[in-house]
Amino acid sequence: MPELPEVETVKESLKVHLIGQKIKEIYAPYPKIIKMDLSDFKKKMINQTFRDINRYGKYLFFIFDDYTLVSHLRLEGKYFIRNALNELTKHEHVVFKLDNNKFLSYHDVRKFGTIELVDKGKEFTLFSVKKLGVEANQINTDNIELIDKFKRANRPIKSVLLDQTIVTGLGNIYVDETLFRSKINPEEIASILSVEEIKTILKNAKIVLDKAIKLGGTTIRTYQSSLGVDGRFQNELKVHTMAGKPCPVCNTIIKKIRVGGRGTYYCPSCQPRKKI
DNA sequence: ATCTATGCCTGGTGGC
DNA sequence: TGCCACCAGGCATAGA
C-alpha cells in the first residue's frame, strides 16, 4: 500500500519518463477512477504537456500547462510506462498515449484509486487535499497546535497517526514501525500520552519515513513489479507483517491485533500499555 | 465536535 | 477440485 515514501519514489521515477511529453490520446476502460466526466477530461487533457510532478502526503500532482492532475493510489494503484498497447494487462484502467508513442498507464486491482483534474495551481483547494495536515517527515516538534491535537484526541494513538488531517503521509506500515521505535502501545489513548512521548513519536515518524524514502519505499504483498515501487524497506520492518516472529529487540513474539479496524503489529513487551 | 461504522473493490485464503 | 465466506485497507460519507 503506497504511503508517503512509495509515492515519493513513484514521483521521482515517473519524472524521467514524462516531463516534456504531450498527451495525444486517452483510453479509459474503467472511467470510474476519473472523478469527472470522461469526455470533459479528455477534452482538457489532450495536447497538454507534462511540466512537473509534485507530491503532498500520499497525493501525486501531475503539473500540465493549464491543469493539475491529482492522483491518489489508495491501496494498490501503480503507474506503468508501456511501449505499446499490446503490453497492457488486466486492471489498467486509464491509459495516456504520449508524444513519443509510449503510454502512461494507471493500474489498480482494487479500483480504489482516484484521478481528479483541477485548474493549475488550484490543487490545494481540492476538498480532500485542503484538509491534510503537515507532512509526517516535515514536522517541527515544537508545533504546540499539533501537540495539542494529540492531547485532545480520545482515541488510540494509532488512529490519530493514521488521520491525514492531523499528520499526513503515514499509513498502516509506517505507523506500526513508528510506534515500535517509540515504545508506545498502538491502543494507548493519545490524550494520556505525555508531551515528551508525543514528540518522540513525531521524531520517529520522520526517521522511519526518511529511511524508507532512501530505500525506495516498501514492497509487500506485490505479485508483480511496478515502475518505481520496488523498494527495499521491507527488509527493515521490525514489527509490521512479523506476527509470530521474535521481536528484534527482546525476542518476545510479535502480536497482531486490530486497532480502529486496521491490522496492527506490535511487541507486547517493548510496547506495554501505560499504568495509570 | 469527535469518533465509529459502512461502502467502495478484487484476489487470496481457509473451510468444507 | 470447486464453491463460498471472509479478509486486506485509505478515504468519503453517514450516523451516533
Side-chain angles (χ1 to χ4, degrees), chain A residues 1-8 10 28-36 55-61 70-79 89-94 106-116 118 123-133 135-136 145-146 148-179 186-193 205 209 212 217-226 229 234 237 239-244 256-265:
Chain A
M1 53 228 73
E3 304 176 33
L4 189 152
E6 290 72 35
V7 180
E8 176 66 21
V10 169
Y30 185 79
K32 261 186 85 174
I33 298 288
I34 302 166
K35 302 301 167 190
M36 66 184 286
R55 178 193 60 71
Y56 190 83
K58 307 178 195 175
Y59 285 82
L60 273 174
F61 303 129
V70 181
S71 168
H72 196 302
L73 307 175
R74 293 287 180 96
L75 302 180
E76 301 204 12
K78 299 174 177 69
Y79 282 100
T89 61
K90 207 177 169 187
H91 308 303
E92 303 198 25
H93 307 308
V94 183
Y106 179 72
H107 178 286
D108 191 342
V109 171
R110 305 282 275 287
K111 299 179 175 169
F112 279 5
T114 56
I115 288 174
E116 297 173 85
V118 295
E123 42 272 35
F124 286 92
T125 65
L126 255 187
F127 176 74
S128 51
V129 176
K130 72 178 174 195
K131 293 185 305 182
L132 296 177
E135 289 191 297
E145 274 176 38
L146 179 62
D148 200 50
K149 283 183 183 168
F150 283 81
K151 293 296 286 181
R152 284 184 291 114
N154 289 306
R155 50 186 170 139
I157 181 62
K158 170 148 184 177
S159 301
V160 177
L161 290 170
L162 286 173
D163 184 340
Q164 304 293 303
T165 70
I166 297 179
V167 295
T168 190
L170 293 170
N172 209 29
I173 298 171
Y174 297 117
V175 166
D176 283 357
E177 295 299 310
T178 295
L179 289 174
E187 290 184 288
E188 204 69 83
I189 300 303
S191 57
I192 74 156
L193 295 173
L209 290 178
T218 301
T219 306
I220 54 175
R221 272 201 296 276
T222 37
Y223 32 89
Q224 53 179 277
S225 87
S226 80
V229 293
Q234 60 275 18
L237 295 175
V239 288
H240 193 83
T241 72
M242 296 298 175
K256 182 181 184 185
I257 57 172
R258 294 187 77 77
V259 180
R262 302 281 176 261
T264 299
Y265 302 82

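In what follows, chains carry the letters A, B, and so on, assigned in the order in which the sequence lines appear, proteins first and then strands, with residues in each chain numbered from 1. All heavy atoms count here, side chains included; hydrogens, waters and symmetry mates do not.
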Can a side-chain donor-acceptor contact be found between Ser71(A) and Tyr106(A) if the only test is distance below 3.5 angstrom?
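On atom types as modelled, these side chains do not qualify, holding no pair under 3.5 Å.
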
Tell me yes or no: between the side chains of Glu6(A) and Tyr174(A), is some donor less than 3.5 Å from an acceptor?
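Checked: Glu6(A)/Tyr174(A) side chains pair up, N/O donor to acceptor below 3.5 Å.
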
Report yes if a side-chain nitrogen or oxygen of [X] is closer than 4.0 Å to either non-bridging phosphate oxygen (OP1 or OP2) of [N]; otherwise report no.
X	N	result
Arg152(A)	dA1(B)	no
Lys131(A)	dC11(C)	no
Tyr30(A)	dC9(B)	yes
Lys90(A)	dT10(B)	no
Arg110(A)	dA8(C)	no
His72(A)	dG10(C)	no
His91(A)	dC9(B)	no

Touch check for [X], heavy atoms < 4.0 angstrom, all strands: base, sugar-phosphate only, or nothing?
X	value
Asn154(A)	sugar-phosphate
Ser128(A)	sugar-phosphate
Lys158(A)	nothing
Lys35(A)	nothing

If stacking means aromatic ring centre less than 5.5 angstrom from the base's six-membered ring centre, planes under 30°, is Phe112(A) stacked on dC8(B)?
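Check passed, Phe112(A) stacks on base of dC8(B).
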
Is it the case that the base of dA8(C) and the side chain of Arg262(A) share a donor-acceptor contact (distance under 3.5 Å, atom types as modelled)?
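A donor-acceptor contact between them is absent.
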
